[in-house]
A.B. asks: 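Dumping the structure here so I can ask a few things about it.
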Amino acid sequence: MLVMRISRSLISCLALVATLYLGSATAEEVRVLSSVGIRTVIEELAPEFERATGHDVTLVFDLASALKTKIEAGEPFDVAILTPPLIDDLIAKGTVAADTRAPIARVGLGLMIRTGAPKPDVSSVEAFKRTLLEADSISYAPAGASGIAFLAIAERLRIAADVAAKARPGTNGEAVAANVTSGAAELGVLPISEILPVQGVELGGAFPADVQTYVVMVAGLSKRTERNAAAQAFVDFLLAPANSAVVAAKGMER
């Protein structure tokens, strides 16, 4: 049965690739503005898409909020991959085509620790709360989706003031990771997909289910794109069931 499932998945992927390739007679350049929350997935799948279709993919990664600001300032793009509220606002403003809105994957939040450091207790909400209260310092990105969600959780747990007192804010995920690896922060808060690939740190644990928050990544095509077929083909490739294993391996889920 396993062999049959793998075979069916392979056949499905090959069929998709053939459709994408045949659907575009000429190679085009697809410019993608993507949240860093799904960076590892995009960086692995984009080269496969290029090989399969002959199209070129230009990738720009940043915080979702920063990318939205760039888009509103006139940054050109064919595909944007941001969080739902930001994509929906761009749709409302007529920048992203509503009928192209497509959820790609979601990722939960986790605690980042230095490699080899003792694992924090996240076995329950109370243990998680105690871990945060006992930590010397906590780093997160206040402008990022994960930072916003984390602060909302701290409010819910009634420890917002305690978290603020020991905060070591970072401008983005890389800054948060740098705070943890350097010892400037004992704990870091990021989407799990942004923790797993970083050298010198490891996942201390996912947030408990009762307070877990998922950052959802949603794609949408620019209303002004002249490469609609190639851009849509890229989104379809990301959504292909055969690529779900890549999504899971990077700490995300459909």
Side-chain angles (χ1 to χ4, degrees), residues 9 12-24 28-50 52-53 55-68 70-72 75-108 144-146 149 191-194 213-254:
S9 179
S12 175
C13 187
L14 291 174
L16 173 66
V17 168
T19 300
L20 297 179
Y21 184 80
L22 293 173
S24 177
E28 296 184 293
E29 179 183 353
V30 180
R31 183 173 173 81
V32 180
L33 305 187
S34 174
S35 166
V36 291
I38 197 171
R39 179 171 188 160
T40 52
V41 172
I42 301 300
E43 285 185 328
E44 180 158 335
L45 292 181
E48 295 184 17
F49 172 78
E50 289 178 326
T53 65
H55 296 310
D56 293 321
V57 180
T58 298
L59 301 173
V60 177
F61 295 103
D62 205 336
L63 293 177
S65 57
L67 290 174
K68 180 173 182 286
K70 291 178 181 179
I71 289 171
E72 291 175 328
E75 180 90 7
F77 73 100
D78 299 304
V79 178
I81 305 176
L82 309 174
T83 54
L86 304 188
I87 284 288
D88 291 342
D89 189 51
L90 291 174
I91 289 173
K93 292 177 178 177
T95 307
V96 168
D99 59 354
T100 66
R101 186 188 190 280
I104 303 298
R106 69 175 191 170
V107 59
S146 61
I192 293 173
S193 58
E194 292 187 50
T213 297
Y214 290 91
V215 178
V216 181
M217 297 287 106
V218 179
L221 272 59
S222 169
K223 268 197 171 182
R224 301 183 181 89
T225 181
E226 297 178 356
R227 293 162 290 278
N228 190 75
Q232 185 61 58
F234 179 72
V235 174
D236 291 343
F237 190 80
L238 297 180
L239 290 169
N243 289 325
S244 295
V246 173
V247 173
K250 303 304 181 182
M252 306 191 77
E253 59 186 64
R254 294 291 196 190

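Just so it is clear, the values below take in all heavy atoms, side chains as well, and ignore hydrogens, waters and symmetry mates. Residue indices begin at 1 and follow the sequence shown.
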A.B. asks: Closest heavy-atom contact between Pro191 and Val107?
C.D. replies: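 Heavy atoms of Pro191 and Val107 come nearest at CB-CG1, 3.7 Å.
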
A.B. asks: Where do Arg254 and Ile104 land on the side-chain contact (heavy atoms from CB on, under 4.5 Å) test, with the steps shown first?
C.D. replies: CA-CA 7 Å; Arg254 294 291 196 190; Ile104 303 298; 4.2 Å; yes

A.B. asks: Tell me whether Glu43 is salt-bridged to Lys250, with the criterion being a basic N under 4.0 Å from an acidic carboxylate O.
C.D. replies: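 No, Glu43 and Lys250 are not salt-bridged.
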
A.B. asks: Could you give the distance from CG (Leu90) to CD (Glu72), rounded to the nearest 0.5 Å?
C.D. replies: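 Spacing of CG (Leu90) from CD (Glu72) equals 6.0 Å.
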
A.B. asks: So how far is it from Ile81 CD1 to Ser35 OG, rounded to the nearest 0.5 Å?
C.D. replies: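 Atom-to-atom, Ile81:CD1 and Ser35:OG are 9.0 Å apart.
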
A.B. asks: Taking all atoms of both residues into account, what is the closest heavy-atom pair of Ala219 and Val79, and its distance?
C.D. replies: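 Looks like CB-CG1, 4.4 Å.
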
A.B. asks: Knowing that exactly one of Thr40, Ile42, Leu45 qualifies, which makes a side-chain contact (heavy atoms from CB on, under 4.5 Å) with Val246?
C.D. replies: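 Exactly one candidate clears the test, Leu45.
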
A.B. asks: Given Leu238 and Val247, is the side-chain contact (heavy atoms from CB on, under 4.5 Å) satisfied, shown in steps?
C.D. replies: CA-CA 9 Å; Leu238 297 180; Val247 173; over 6 Å; no

A.B. asks: Write down the atom of Ser222, the atom of Phe77, and the distance for their closest heavy-atom approach.
C.D. replies: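 Here Ser222 and Phe77 meet closest at CB-O, 3.2 Å.
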
A.B. asks: Do Glu48 and Asn243 have side chains that approach each other closer than 4.5 Å (heavy atoms only, starting at C-beta)?
C.D. replies: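 Yes, side chains in contact.
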
A.B. asks: Quick check against the 3.5 Å criterion: does Arg227 have a side-chain atom that pairs as donor or acceptor with the backbone of Asp78?
C.D. replies: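 No; judged by distance alone, with no hydrogens or angles, the pair does not exist.
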
A.B. asks: To the closest 0.5 Å, what do you measure between CD (Glu29) and NE2 (His55)?
C.D. replies: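 Result: 12.0 Å between the selected atoms.
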
A.B. asks: I need the Leu59 CG to Arg31 CZ distance, nearest 0.5 Å.
C.D. replies: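 Reported to 0.5 Å precision, the distance equals 10.0 Å.
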
A.B. asks: Specify the closest pair of heavy atoms between Ile87 and Ala80, including all atoms of both residues, with the distance to one decimal.
C.D. replies: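 Looking at all heavy atoms of both residues, the closest pair is CD1-O, 3.9 Å.
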
A.B. asks: In Å, rounded to the nearest 0.5 Å, how long is the span from CD of Glu253 to OG of Ser193?
C.D. replies: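 Here the rounded value is 11.0 Å.
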
A.B. asks: Can you tell me if Asp236 and Gln232 form a side-chain donor-acceptor pair at under 3.5 Å?
C.D. replies: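 Side-chain D/A pair, Asp236 to Gln232: present.
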
A.B. asks: Would you check if Arg224 and Pro76 make a side-chain contact, meaning some heavy-atom pair closer than 4.5 Å?
C.D. replies: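 Arg224 vs Pro76: side chains apart.
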
A.B. asks: Where the side chain of Thr83 meets the backbone of Pro85, is there a donor-acceptor pair that is under 3.5 Å apart?
C.D. replies: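 Not confirmed, Thr83 side chain does not pair with Pro85 backbone.
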
A.B. asks: Can you measure from CG (Asp62) to NZ (Lys68) and round to the nearest 0.5 angstrom?
C.D. replies: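 So the gap between those two atoms works out to 14.0 Å.
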
A.B. asks: What are the two closest heavy atoms between Glu28 and Ala230, and how far apart are they?
C.D. replies: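 Looking at all heavy atoms of both residues, the shortest contact is OE1-CB, 3.5 Å.
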
A.B. asks: Any idea which heavy atoms bring Leu239 and Pro103 closest together, and the distance?
C.D. replies: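 Residues Leu239 and Pro103, closest heavy atoms: CD2-O, 3.3 Å.
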
A.B. asks: Yes or no on side-chain contact (heavy atoms from CB on, under 4.5 Å) for Val235 and Thr100, after CA distance, side-chain angles and deciding distance?
C.D. replies: CA-CA 9 Å; Val235 174; Thr100 66; over 6 Å; no

A.B. asks: Just so I know, are the side chains of Leu67 and Glu75 near enough to count as touching, which here means a heavy-atom distance under 4.5 Å?
C.D. replies: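 Sidechains of Glu75 and Leu67: no contact.
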
